[in-house]
Amino acid sequence: MLGGTTDTRAGDVAGVGHTGNVRIAIGPRDDGLIALVDPDAPGQPLAAVPAGELPATVAAFERDESPRWVWSDTRQWYPKLLAAGVRIERCDDLLLAAAILDHSTDTATVREHGAAAAPAWIARLRAGQLAPAPAALGTALFDFDDFDGDQGGAGAPGPSLDEVLAEDARQRALTADSARPRAMRLLLAAESAGALIGAELHAAGLPWSREVHERVLETTLGPRPRPGAKPEHMERFAAAVRRELEAPGLNLDSQLEVLRALRAAGIPVESTSRWELREHEHPAIEPLIAYKKLARLASANGWAWLDEWIVDGRFRPDYVPGGTATGRWATSGGGALQLPKLVRSAVVADPGWRLVVADAAQLEPRVLAALARDEAMADAARGRDVYRGIVEAGVVEERDQAKIAVLGAMYGATTGDSGRLVPRLARAFPRAMALVDRAAAQGERGGSVTTNLGRSSPLPPASWREVQQRASEPEASPADERRARSSARDWGRFTRNFVVQGSAAEWSLCWMAALRSRLAAMEPSANRAAASGPVFEATPHLVYYLHDEIIVHTPAERAEEVAAAVAECAAEAGRLLFGDFPLDFPLDLAVVDSYALAEG
DNA sequence: CGGCGCGGCGCC
DNA sequence: AAAGGGCGCCGCGCCG
């Protein structure tokens with residue numbers, strides 16, 4: 001599965017031209033000091049310092065030995081280092097690694113043969129992570145009191161040094177005995193690099209122009225309303241809807257009331273969703289849809305959002321690397337993964353700086369072709385738009401059909417245009433189709449599936465199994481059987497998509513990790529102070545990540561160098577994950593002053 | 001009053 | 001134009 005990967009490269013993914021193999025574990029001791037120890041020689045600490053001295057100590061070791069830091073949880077340790085101006089190259093994030101190792105089918109054999117289960121602190125920290133994230137983490141520059149004991153203020157006490165060492169040993173054994181140790185090492189390195197990047201993205205922040213954003217709001221919604229009042233343009237559309245529906249007191253924010261009013265006006269709708277509304281001819285429809293569009297902007301990214309999330313010209317969402325089952329990231333707060341195109345014009349480079357915006361073109365279909373080693377699909381994709389390639393291969397007539405068919409294959413569509421086109425795709429690309437069909441079948445049986453590098457899907461919940469069980473009993477009703485088939489297919493669609501989405505997430509992590517290393521190695525630019533804090537003020541750095549898209553904020557004179565690095569790292573990620581399989585991962589890449597100008 | 005499920009919709 | 005995967009956030013409306 002993992003062609004062309006070597007241990008050296010696997011280690012490099014989170015390093016900066018790093019060649020050594022030093023690891024240093026960090027954790028609090030009983031005496032209240034934070035100790036740094038070599039996991040292979042824990043008896044002789046390399047250092048033991050009060051929490052307040054940790055950043056300087058880490059910085060010294062980082063400079064001299066460039067180690068891989070082994071710690072409980074990047075989200076608990078790294079923000080405070082960054083706030084003190086200390087950046088590290090590499091780490092092992094035990095919390096994230098445990099989530100992978102304890103569920104991977106690649107470690108199933110060793111786990112079934114007596115490997116120890118994860119310690120309680122792992123579950124504790126994981127639960128704590130779900131608590132409200134400490135937005136202030138990293139802003140209190142010299143507050144290191146909670147490096148030990150109750151870390152992070154999320155109510156999840158961190159583990160002691162001894163617990164960290166024990167967990168590290170457990171994880172190394174699981175990795176070594178896994179079915180594909182090299183792949184697992186790469187996955188864990190990439191995941192840990194992602195953790196560092198998540199913290200750095202928060203620390204650097206996405207450059208954001210309040211002025212531009214306010215202009216967008218005023219143009220779209222009207223002047224900022226008084227507290228409690230609705231924007232002028234929303235009120236105008238609301239009045240039109242009330243007039244056309246002859247419903248003077250209608251509250252347009254109430255789905256229930258709107259549904260009733262529409263039906264009373266003779267419009268037979270089941271919901272108030274936009275796609276259903278559009279099916280009906282009525283003078284109330286257009287202003288209603290317009291109202292909903294403005295309401296969405298006002299509530300999700302309006303003035304209140306600006307006040308809450310834009311501080312000192314930066315948007316600092318709280319990224320949660322590894323926050324979803326597939327390995328995609330989540331965010332909590334700020335809606336960073338849903339920035340509407342409408343407000344992207346507010347993402348503006350600092351004076352003298354530029355944005356390098358890149359997204360991987362049609363990443364998931366390419367990952368599917370490579371995963372399945374489907375050379376016919378790779379031929380259609382290589383050097384061109386995948387969907388056009390599929391048209392040129394004679395599979396379908398139109399680009400849109402190709403797109404619908406591919407998405408349908410990856411998401412498990414069975415009906416509509418998409419479902420009808422999938423069989424044609426299956427004839428042209430049988431290997432790719434077989435891969436996702438196998439993944440779906442596995443899910444329908446209640447099994448788990450695994451990504452390219454070894455992240456496995458969760459098992460369905462107990463309630464799902466009960467439904468399946470009930471349908472298999474002799475007295476099962478037709479309704480029981482229907483319900484069971486339907487939920488089996490639901491889970492099959494999840495596992496079908498999991499292998500593709502999860503493997504694509506791995507590609508993105510490797511891409512970004514390689515890029516992070518390249519950027520960190522670039523010379524600082526003199527006389528270029530961006531408003532991004534001490535760690536990032538003079539060098540190109542990542543400021544945004546969205547599944548298959550990144551933004552680098554760079555001194556203007558380095559923009560071309562950065563753009564080249566971005567592209568080279570994409571090629572590198574492809575080789576790292578898929579060896580010499582003949583497929584490319586092209587980027588849509590732009591050097592711009594505003595995110596809005598990068599729209600394809 | 002806060003918690004929670006849901007509808008709806010933004011992004012990939 | 002409208003069916004399939006993954007998310008987070010908002011407001012509503014119901015519940016205790």
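Heavy-atom basis, side chains included; hydrogens, waters and symmetry copies ignored. So you know, we letter chains A, B, ... as the sequences are listed, proteins then strands, and number each from 1. Everything numeric here is computed off the predicted structure, so don't read it as measured data.
Residue A:Ile404 is in base contact, counting any heavy-atom pair closer than 4.0 Å across all strands shown. Heavy atoms of A:Gly323 sit nowhere under 4.0 angstrom from any nucleic acid atom. A:Asp417 comes within contact range of at least one nucleobase, with a heavy-atom separation under 4.0 Å. Here A:Arg420 lies out of heavy-atom contact (under 4.0 Å) with every strand. Nucleic acid contact class of A:Thr414 (heavy atoms, under 4.0 Å, all strands): none. Heavy atoms of A:Glu279 sit under 4.0 angstrom from primed sugar atoms or phosphate atoms, though from no base atom. The residue A:Arg493 sits close only to the backbone: its heavy atoms come under 4.0 Å of sugar-phosphate atoms, none of a base. When heavy atoms are screened at a 4.0 angstrom cut-off, A:Leu337 is found touching base atoms of the nucleic acid.
Of the two residues near DNA chain C, A:Phe494 and A:Asp400, the one whose nearest nucleotide lies more 5' is A:Asp400. Between A:Met410 and A:Arg278, the residue whose closest nucleotide on DNA chain C is further toward the 5' end is A:Arg278.
A 4.5 Å side-chain heavy-atom check between A:Leu542 and A:Met512 finds at least one atom pair inside the cut-off. At a threshold of 4.5 Å between non-hydrogen side-chain atoms, the residues A:Ser508 and A:Leu363 count as touching. Counting heavy atoms from C-beta outward, A:Ser418 and A:Tyr411 have side chains that stay 4.5 Å or more apart. Annotation: side chain of A:Arg420 is in contact with side chain of A:Asp417 (closest heavy-atom distance under 4.5 Å). For the pair A:Pro365/A:Tyr387, a side-chain contact is recorded, criterion being any heavy-atom separation below 4.5 Å from C-beta on.
For A:His547, the NE2 atom is densely surrounded, since the number of other residues' heavy atoms within 6.0 Å is greater than 12.
One interatomic measurement links the two molecules: CD1 of A:Ile550 to C1' of B:dC11, which rounds to 17 Å at whole-angstrom precision. Rounded to whole Å, the distance from CG on A:Leu407 to C1' on C:dA2 is 13 Å. One can place NE2 of A:His547 at 12 Å from P of B:dC11, the figure rounded to the nearest angstrom. Between the CG atom of A:Leu294 and the P atom of B:dC9 there is a distance of 13 Å, given to the nearest Å. Straight-line distance from the CG atom of A:Leu546 to the P atom of C:dG8: 13 Å, rounded to whole Å.
Between A:Lys292 and B:dC9 there is a side-chain polar atom (N or O) within less than 4.0 angstrom of OP1 or OP2. At B:dG8, one or more side-chain N or O atoms of A:Thr272 fall inside 4.0 Å of OP1 or OP2 (strictly under the cut-off). Close to C:dG5, at under 4.0 Å from its OP1 or OP2, lies no side-chain N or O of A:Arg496.
Salt-bridge annotation for A:Lys403 and A:Asp400: absent, with no side-chain N of the basic residue lying under 4.0 Å from a carboxylate O of the acidic one. Note on A:Arg366 versus A:Asp584: salt bridge recorded, some NZ/NE/NH1/NH2 to OD/OE distance being below 4.0 Å.
Ring planes of A:Trp329 and A:Tyr319: perpendicular class, angle over 60° (limits at 30 and 60°).
Looking at residues two or more places apart in sequence or on another chain, you find a side chain to side chain contact (heavy atoms under 4.5 Å, CB included) between A:Pro461 and A:Ser463, A:Trp464, A:Trp491.
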Distances under 3.5 Å between protein N/O atoms and the N/O atoms of nucleotides 13-16 of chain C, please, pair by pair.
{"unit_1": "C:dG13", "atom_1": "OP1", "unit_2": "A:Ser254", "atom_2": "OG", "d": "2.2"}

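Remark: the A:Arg328 side chain and the C:dC7 base include no donor-acceptor N/O pair separated by less than 3.5 Å. A donor N or O paired with an acceptor N or O is not found under 3.5 Å between the base of B:dC9 and the side-chain atoms of A:Arg274.
Side-chain proximity of A:Ala330 to B:dG8, C:dG8, B:dC11: nearest is C:dG8. Here the nucleotide nearest the side chain of A:Ser299, chosen from C:dC10, B:dC11, C:dA1, is C:dC10.
Put simply, the side chain of A:Ser486 never gets that close to the backbone of A:Arg482: no donor and acceptor are under 3.5 Å apart.
For the segment residues 209-247 of chain A, the set of residues with a heavy atom within less than 4.0 Å of an atom of DNA chain C is empty. Proximity of residues 481-492 of chain A to DNA chain C (heavy atom under 4.0 angstrom from any strand atom) is not detected for any residue.
The side chain to side chain donor-acceptor pair (under 3.5 Å) pairs that include a residue from residues 236-251 of chain A number zero, where partners must be two or more places apart or lie in different chains. Within the structure, salt bridge (Lys or Arg N to Asp or Glu O under 4.0 Å) contacts touching residues 253-281 of chain A (residues at least two apart or in different chains) are A:Lys230-A:Asp253.
Remark: ring of A:Tyr411 stacked against base of C:dG5; centroid gap under 5.5 Å, plane tilt under 30°.
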